[in-house]
Number of protein chains: 2
Amino acid sequence: MNNKVISDISEKLREKECKFTSRREHILKVLLENKGKHLCAEEIYNLVKQKAPDVGIATVYRTLELFQEFDIINSMDFGDGRKRYEFGGVEGMNHHHHHLICTKCGAITEVNEDLLEELENRVSKQYDFNITNHQLKIFGICRKCV
Amino acid sequence: MNNKVISDISEKLREKECKFTSRREHILKVLLENKGKHLCAEEIYNLVKQKAPDVGIATVYRTLELFQEFDIINSMDFGDGRKRYEFGGVEGMNHHHHHLICTKCGAITEVNEDLLEELENRVSKQYDFNITNHQLKIFGICRKCV
DNA sequence: GTCAGTGCAAATCTTTTGCATAGCT
DNA sequence: AGCTATGCAAAAGATTTGCACTGAC
């Protein structure tokens with residue numbers, strides 16, 4: 001299943017004259033294998049290093065930026081001073097994206113349903129705003145920390 | 001009106017053995033005078049410098065952190081690599097907090113109604129999660145950029 | 001062969017920290 | 001006096017950039 005995803009993305013890059021190098025493939029695989037984990041650049045770097053020990057962290061950053069431009073991944077920030085990245089689906093439609101953030105233990109839970117459609121319709125009309133994406137962070141105390 | 005707010009906050013700090021110094025007052029005033037503008041630390045620093053030329057940027061950062069601990073302000077990140085700050089109301093209940101972010105011109109529009117109550121009720125039950133706050137960022141193209 | 005991709009090290013940018021001094025109470 | 005607040009400069013941490021080399025096509 002991941003193979004299909006990887007070859008789709010490979011093609012997507014090639015179409016725009018970008019190469020799908022082994023470095024980029026390794027980085028993509030790490031992201032695919034850690035869906036929902038919100039890795040930061042350095043964590044990705046460390047994981048990629050296990051497979052390809054001679055990568056540089058600059059390549060990781062450059063590749064993550066590239067993947068963002070291609071809507072392959074999304075970046076987010078949970079307030080700890082580093083960007084975190086998440087695989088965003090092949091279609092680029094990453095519109096189902098809510099996170100519960102426990103302010104006590106820091107656990108992040110994904111909410112995978114898209115619950116904002118009505119709200120978006122209202123806002124879109126009221127503000128004459130052409131919505132392409134959204135991010136909802138919900139802060140609170142998780143069940144374990146009560 | 002702002003005077004009431006300022007004296008309330010002054011008291012709030014004193015209660016917890018913190019001083020409400022002239023530096024802190026200047027910083028608070030800048031935040032009050034720029035509600036809805038999402039200033040970053042350096043912008044605040046520059047504005048405060050006009051009134052009190054000998055402040056240091058470290059004080060600005062330290063004060064912003066203090067204000068956050070007291071729930072006087074909120075910090076957020078719009079993806080440009082710096083934290084941005086916003087006055088959060090005296091009651092600390094800053095629960096009406098949505099932003100429309102134009103991905104073309106970068107304009108940020110505030111949506112002041114809280115539109116998430118039903119959604120929160122559902123999520124809260126389903127995930128056994130005790131919600132204290134939320135942040136919603138809606139990305140898209142604003143009316144001027146269409 | 002050509003041009004994009006990459007590693008390394010240095011540079012940049014934001015934020016934090018250490019320390020000696022200033023200023024409330 | 002005693003303790004917090006502050007300015008300055010240095011440090012830290014994340015990310016970006018310059019440059020020479022590598023590797024895909």
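These numbers were taken from a predicted model, which means no experiment stands behind them. Naming: A, B, ... by sequence-line order, numbering from 1 per chain.
Of the residues B/Q68, B/K83, B/E65, the one that meets the side-chain hydrogen bond (donor to acceptor under 3.5 Å, both in side chains) test with B/S75 is B/Q68.
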Tell me which donor-acceptor pairs under 3.5 Å the side chains of residues 39-46 of chain B have, and how far apart each pair is, sequence neighbours excluded?
{"from": "B/E43", "atom 1": "OE1", "to": "B/C40", "atom 2": "N", "distance (Å)": "2.9"}
{"from": "B/E43", "atom 1": "OE1", "to": "B/R84", "atom 2": "NH1", "distance (Å)": "3.3"}
{"from": "B/Y45", "atom 1": "OH", "to": "B/K49", "atom 2": "NZ", "distance (Å)": "3.1"}
{"from": "B/N46", "atom 1": "ND2", "to": "B/E42", "atom 2": "O", "distance (Å)": "3.3"}

Distance-only criterion, 3.5 Å: show the donor-acceptor pairs between side-chain atoms of residues 52-61 of chain B and protein atoms not counting sequence neighbours.
{"from": "B/D54", "atom 1": "OD1", "to": "B/R23", "atom 2": "NH2", "distance (Å)": "3.2"}
{"from": "B/D54", "atom 1": "OD2", "to": "B/R23", "atom 2": "NH2", "distance (Å)": "3.2"}

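The distance from atom OG1 of A/T109 to atom CG of B/D128, rounded to the nearest 0.5 Å, is 11.0 Å. Distance CD1/B/I72 to CG/B/L31: 9.5 Å, rounded to 0.5 Å. The structure places CD of A/E120 at 5.0 Å from NE2 of A/H134, a figure rounded to the nearest 0.5 Å. Residue B/K12 holds its NZ atom at 6.5 Å from CG of B/D71, rounded to the nearest 0.5 Å. Between A/N133 atom CG and B/K137 atom NZ the span is 11.0 Å, to the nearest 0.5 Å.
Partners of A/H99 under the ring-ring contact (aromatic ring centres under 6.0 Å, His included) rule, at least two apart in sequence or in another chain, are A/H38, A/F78, A/H97.
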Would you tabulate the pairs of protein nitrogen or oxygen atoms and nucleotide nitrogen or oxygen atoms of nucleotides 22-25 of chain D closer than 3.5 angstrom?
{"from": "D/dC25", "atom 1": "OP1", "to": "A/R14", "atom 2": "NH1", "distance (Å)": "3.0"}

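With respect to A/E33 and A/K29, no salt bridge is recorded, no charged nitrogen being found less than 4.0 Å from a carboxylate O.
Of all nucleotides in DNA chain C, those with any atom nearer than 4.0 Å to a heavy atom of chain A start and finish, going 5' to 3', at C/dA4 to C/dC8.
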Across nucleotides 8-20 of chain D, 5' to 3', mark each nucleotide with B, S or - according to how protein heavy atoms within less than 4.0 Å reach it.
B-----SBBBB--
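Put simply, NE2 on B/H26 is 18 Å from P on D/dA5, counting in whole angstrom units. For the pair B/E25 CD and D/dA5 P, the interatomic distance rounds to 15 Å; values are reported in whole Å.
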